[in-house]
2 protein chains.
Amino acid sequence: MVTRGGRRRVTIADVASRAQVSTTAVSKVLRDAYGVSPAMKERVRAAIEELGYRPHAAARAMRGRTFTVGVMLPHLRNPFFADIVDGLTDELSGTGYQAILVQGGSTQKAEKAAMDALVDRQVDGILLVAPLLARARLEEVARQVPVVVLGRHERSPHFDAVFDDDETGAELVVNHLIELGHRRIAHITHQDNSTARPGDLLHVIRADTYRRVMREHGLEDEIAVATTYYSEEGGYDGAQELLRRPSRPTAIFAGADQAAFGVLAAAHDAGLSVPGDLSVAGYDNTKLAALPNISLTSIDQPGVVMGGTAGRLLRERIEGRTTAVRFSVGPSLIVRRSTAAPADLPEA
Amino acid sequence: MVTRGGRRRVTIADVASRAQVSTTAVSKVLRDAYGVSPAMKERVRAAIEELGYRPHAAARAMRGRTFTVGVMLPHLRNPFFADIVDGLTDELSGTGYQAILVQGGSTQKAEKAAMDALVDRQVDGILLVAPLLARARLEEVARQVPVVVLGRHERSPHFDAVFDDDETGAELVVNHLIELGHRRIAHITHQDNSTARPGDLLHVIRADTYRRVMREHGLEDEIAVATTYYSEEGGYDGAQELLRRPSRPTAIFAGADQAAFGVLAAAHDAGLSVPGDLSVAGYDNTKLAALPNISLTSIDQPGVVMGGTAGRLLRERIEGRTTAVRFSVGPSLIVRRSTAAPADLPEA
DNA sequence: ATGAAAGCGCTAACAC
DNA sequence: GTGTTAGCGCTTTCAT
């Protein structure tokens, strides 16, 4: 390593000699372990304070905990992820744990590398947000370090799961559109690069539920799905494709707000008014959805609660819990001005 | 630590015995260091492959590099940050370096803790995005580990700086509005909790430039600044305040797109049309600004380039460069439909 | 209650 | 070109 100018780091030995005790004693005080007298504890604390000592995480990692939890996010473009991280950070604050984030990307290879990076850095626990890898791969990691998976519905004995009830959420949206009088309701879903069981992936659940509800209302012939991406571009492309079809949809349910924004753009560019010519609904209830110019009907997921819960479950696992926990939150429909009765029908 | 079920991690010793060489040899191959024959290199590579060996980052951290760079972001809500991280990740890909992110928060205390967390984890370099701490504090860290600061204009001998020319950017916006015929142009700036020299902070530069350009055009009496936050809520509150003032502005220049979105919402709620009754401009040219329903005039900053450059500078510093580099990128004005000539004036 | 000492996985002197 | 070995800063037996 390049030698830096800075003076040598304060180590546990410095603290020990300052406090006139052994390094063992200092270590015990640091971890609040058994076997130090109050007086000694006080002396050590004072020395730590005076020297501005902070434990060296890498050195700790060689023996015990790093007091670090790793979070893998697919990317940083969905504000919903920010809620998750805020919830987690909140839950962790005061516990001495620090969250570090890595970007998983959109390929399984990149995701594996990101996960390995966390394992190699010896984090005490890992939160995986909407991972792509097959369950077996996740369990492989879960065998080495406590894992919580957020956004997948899997039931695994080796890791905990935190998710929103995507089936209910999708149902709420499709029912809402049907109640408004729509029949030609289309859906935009996400093209994944995943080897997970499809039924465990949130976008697959949303799409399947869309199909099921359509069928339940005798609308099987109107089912139209565009498979692009949960992104602005994906929504734009998907909407363009759907709007070109012979029987143009009167409503589009995009599986995520980000995609719904693209749908709004495509509608605009096609000269269609929303909701006059086309109703649009999203999922996630991001802040932007509430902007008056957008006013997007969406499904609210309590991201902060989900992130906080994930943090708590991770801490429990780090403390020794080995039985799996699944935590599901209930979504709610937020109706805004982007959805209305179709034009060719009388108002309700 | 809780003992996990997983089998023991593969270590360098396992690789060495499998390849029938010393651990030194393996270490050398790993780091592409001098002094290994091609034949031996081949044997070692094969053994690594067969055993699925990955170096233990924490152990490396005790002696040499961790091949990790740390990034501190204030929060995850600005998509511009995603561009920066993408640029960095791109630049780092293939070099063996992994980026880990931590959230700095909005207080200096939280920011210090986040920075310390990176230092304690022995990252090889740190990228600080729009930090709040005083220059002296940043230099303290820079003495221990290579640092690049993104988004501050500081000239320090101890760290590199990457920033956008905020003065030019703000000039472009204000001049654009003046050319359209506006006189009552207001500005929304960010309330920081910083002890940095004000002149080094991007939001202060944008606000000061706004004032200067206004004065240069004889509009000093029209200067109106609301100090809230670069966020949707901040923009909303700031706009409300500005629109309540006796001589209502005909244009608002928000220092960031996020805040401009809030301005659009406030305008809508006040029954004002954009750009009919009020022109609105932002800064950052986030993707949402391009959505037809928003169509926000903004300043484009090449976030990917900035992040990539930061990564390159960091690598150079890690390799031994000690002289400071400053890298400034040029902003450009993107005119959209949120700005137009004020209503009470004849069209140009 | 306290401390000496071994050792976590790796790198870098240094010897051969 | 190759291997031996001494630590890096901590935690954890295990004596005392």
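In what follows, every chain begins at residue 1, and chains take the letters A, B, ... in the order their sequences are listed. Note that this is a predicted model, so its numbers are computed, not measured.
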_From R65(A) atom CZ to D124(A) atom CG, the distance as rounded to the nearest 0.5 Å_ = 6.5 Å
*Could you tell me, to 10°, how much the axis swings from one end of the helix from dA1(C)-dT16(D) to dC16(C)-dG1(D) to the other, five pairs per end?*
40°
*State plainly whether the residues R312(B) and E91(B) are in salt-bridge range, i.e. N to O under 4.0 Å.*
no
*When you check the gap from the basic side-chain N to the acidic O, do D83(A) and R77(B) get nearer than 4.0 Å?*
yes
*Kindly state each residue pair satisfying salt bridge (charged side-chain N to carboxylate O under 4.0 Å, His left out) with at least one member in residues 22-36 of chain A, sequence neighbours excluded.*
D32(A)-K41(A)
Would you mind reading off the distance between [X] atom [atom1] and [N] atom [atom2], rounded to a whole angstrom?
{"X": "D32(A)", "N": "dA1(C)", "atom1": "CG", "atom2": "C1'", "answer": "16 Å"}
{"X": "Y34(A)", "N": "dT2(C)", "atom1": "OH", "atom2": "C1'", "answer": "12 Å"}
{"X": "R65(B)", "N": "dA12(C)", "atom1": "CZ", "atom2": "P", "answer": "9 Å"}
{"X": "D14(B)", "N": "dG9(C)", "atom1": "CG", "atom2": "P", "answer": "9 Å"}
{"X": "K28(A)", "N": "dC14(D)", "atom1": "NZ", "atom2": "P", "answer": "13 Å"}

_Residue pairs passing the ring pair (Phe, Tyr, Trp, His ring centres under 6.0 Å) test where at least one lies in residues 60-83 of chain A, sequence neighbours excluded_ = F67(A)-Y97(A), H75(A)-F81(A)
Output one line per pair: protein atom, nucleotide atom from nucleotides 6-10 of chain D, and distance, for all N/O pairs under 3.5 Å.
from: dG7(D); atom 1: N2; to: R63(B); atom 2: NE; distance (Å): 2.5
from: dG7(D); atom 1: N3; to: R63(B); atom 2: NE; distance (Å): 3.3
from: dC8(D); atom 1: O2; to: M62(B); atom 2: O; distance (Å): 3.4
from: dG9(D); atom 1: N2; to: A59(A); atom 2: O; distance (Å): 3.4
from: dC10(D); atom 1: OP1; to: Y53(A); atom 2: OH; distance (Å): 2.7
from: dC10(D); atom 1: OP1; to: H56(A); atom 2: N; distance (Å): 3.3
from: dC10(D); atom 1: OP2; to: I12(A); atom 2: N; distance (Å): 2.6

_Option passing side chain to side chain contact (heavy atoms under 4.5 Å, CB included) with L127(A) (candidates D160(A), L150(A), V162(A), V149(A))_ = L150(A)
_Applying ring pair (Phe, Tyr, Trp, His ring centres under 6.0 Å), can you list everything that pairs with H153(A), at least two apart in sequence or on another chain?_
F163(A)
*Residues in side-chain contact (heavy atoms from CB on, under 4.5 Å) contact with V329(A), at least two apart in sequence or another chain*: D164(A), P302(A), M306(A), F327(A)
*Hey, is the side chain of T24(A) poking within less than 4.0 Å of OP1 or OP2 on dG3(C), counting only N and O atoms?*
no
